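What follows is a single structure, written as structure tokens, with notes after it.
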Amino acid sequence: MQYQIALLRGDGIGAEIVDAAAAVLERIGTLYGHTFNCTPYLIGGCAIDAVGKPLPEETVAGCLASDSVLLGAVGGPKWDGLAGDQRPESALLGIRAALGLYTNLRPATLFPALRDASPLRTDLVSAGFDILIVRELTGGIYFGNRGYRQGKYGEEAFDTESYSVTEIERIGRAAFEAAMKRSKRLTSVDKANVLETSRLWRKTMHKLAESYPEVEYQDMFVDNAAMQLVRNPQQFDVIVTTNMFGDILSDEASQLTGSIGMLASASLGDGTRGMYEPIHGSAPDIAGQNKANPIAEILSVAMMLRYSFGLEAEARSIENAVDRVLAAGCRTADLLGGQSGSALSCSEMAQKILDAVVRE
Ligand code: IPM
Ligand code: MG
């Protein structure tokens, strides 16, 4: 099969990790007889520098004309002074909305070899954990009305959160469906003791739960969920939550797996086109130094193969290669976490994984 892939390298470490992942994709193509035609487009700070805006029309059109999108990361100190809607990050929200990608799957899995890299006590992670965070991606406070106004104490800023029943239903359905394919346990995270949006969220989830009697469903307040994640991550299977809570909890969960450099994500809508990206940012402090961990981006390619193209065996080839390389003791600097041992560079880690990818 032939697939058209839009490559959005973005800023900071984006280029290093996307190129590493694209090489893995090409290897999969060779091993399994697929052709992946990759076309690069600008997004984020590099697009501001080149054409004056973070999300050029050409990029949106290119993504819409592709079967799938592979993204690195956007942002950096160079563009931090810009107004909100001109910042690199606004392009990320813009492309997610333009492609209708309202479901964000963020799996937080502890690779057995990384148990020592987890900051949690060994007894808490000895059995491992495998959590899927389903984050709503195109609504909520990240997309609500915002601005500045004169308030009681002078100038003030505001952001608003709103969620429609339709938006909650579609992310809820995606989460229940995901739970049905796993261990049939779903935790919906909200703040229904305070927020009106959360009360509607909870009510809508309860109604959906009636259609999924096999799924063991529970509600949890977000503050408690943040605590439970570090107290006992094994209790969770699928977690569904809003845009902002999912953003925060997925960073927290990533750290439990050893490093934020491990977490991949899939952003999906109603069709098969998706956007795949690591959950981490552009890491300007190590950009251009060949120090980044390419694993989250490489695992994002595996998610692309699985969710957009239905290529399960190919996806597993990549995941197994990562597993083997970690089991062999290969570590980038972020995975050493202060322990002794020598760190591999980004390109060295990428090469190890590339060499370990075999047709299974
Ligand atoms: C993420 C990032 C983005 C988000 C930022 C950069 C806009 O933190 O993908 O988690 O909040 O979605
Ligand atoms: Mg985030």
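Counting convention: from 1, in listed order, for ligands and their atoms alike. The figures that follow rest on heavy atoms only: side chains count, while hydrogens, waters and symmetry mates do not. Since we're looking at a predicted model, the values are computed, not measured.
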Determine, for E156 against R149, whether the closest basic-nitrogen to carboxylate-oxygen distance falls under 4.0 angstrom.
yes
Acceptor/donor pairs from residues 45-55 side chains to any protein atom, 3.5 angstrom cut, sequence neighbours excluded:
{"from": "D49", "atom 1": "OD1", "to": "W79", "atom 2": "NE1", "distance (Å)": "3.1"}
{"from": "D49", "atom 1": "OD2", "to": "K78", "atom 2": "NZ", "distance (Å)": "2.7"}
{"from": "K53", "atom 1": "NZ", "to": "E57", "atom 2": "OE1", "distance (Å)": "3.2"}
{"from": "K53", "atom 1": "NZ", "to": "E57", "atom 2": "OE2", "distance (Å)": "2.9"}

Same cluster or not: are I133 and M205 linked, directly or through other Ile, Leu, Val, Met, Phe, Trp or Tyr residues, by side-chain heavy atoms under 4.5 angstrom apart?
yes
So the protein N/O/S atoms within less than 2.8 Å of the Mg ion (ligand 2) come down to D247 OD1
Checking side chain to side chain contact (heavy atoms under 4.5 Å, CB included) for the pair V134/T103: CA distance, chi angles, key distance, verdict?
CA-CA 7 Å; V134 181; T103 301; 4.0 Å; yes
Angle class for the F176/Y217 ring planes (parallel below 30°, perpendicular above 60°, tilted otherwise)?
parallel
L344 and K352 have their tightest heavy-atom pair at CD1-CG, 4.0 Å
Residues lining ligand 1 [heavy-atom distance under 4.0 Å, listed by chain and residue number]
E89, L92, R96, R106, R135, Y142, D247, I279
Got a donor-acceptor contact below 3.5 angstrom from the R135 side chain to the F245 backbone?
no
Write out all pairs satisfying ring-ring contact (aromatic ring centres under 6.0 Å, His included) with one or both partners inside residues 116-167, taking only residues at least two apart or from two chains.
Y163-W201
For E216, look at atom CD and say whether over 12 heavy atoms of other residues, nucleotides or ligands are found less than 6.0 Å away.
no
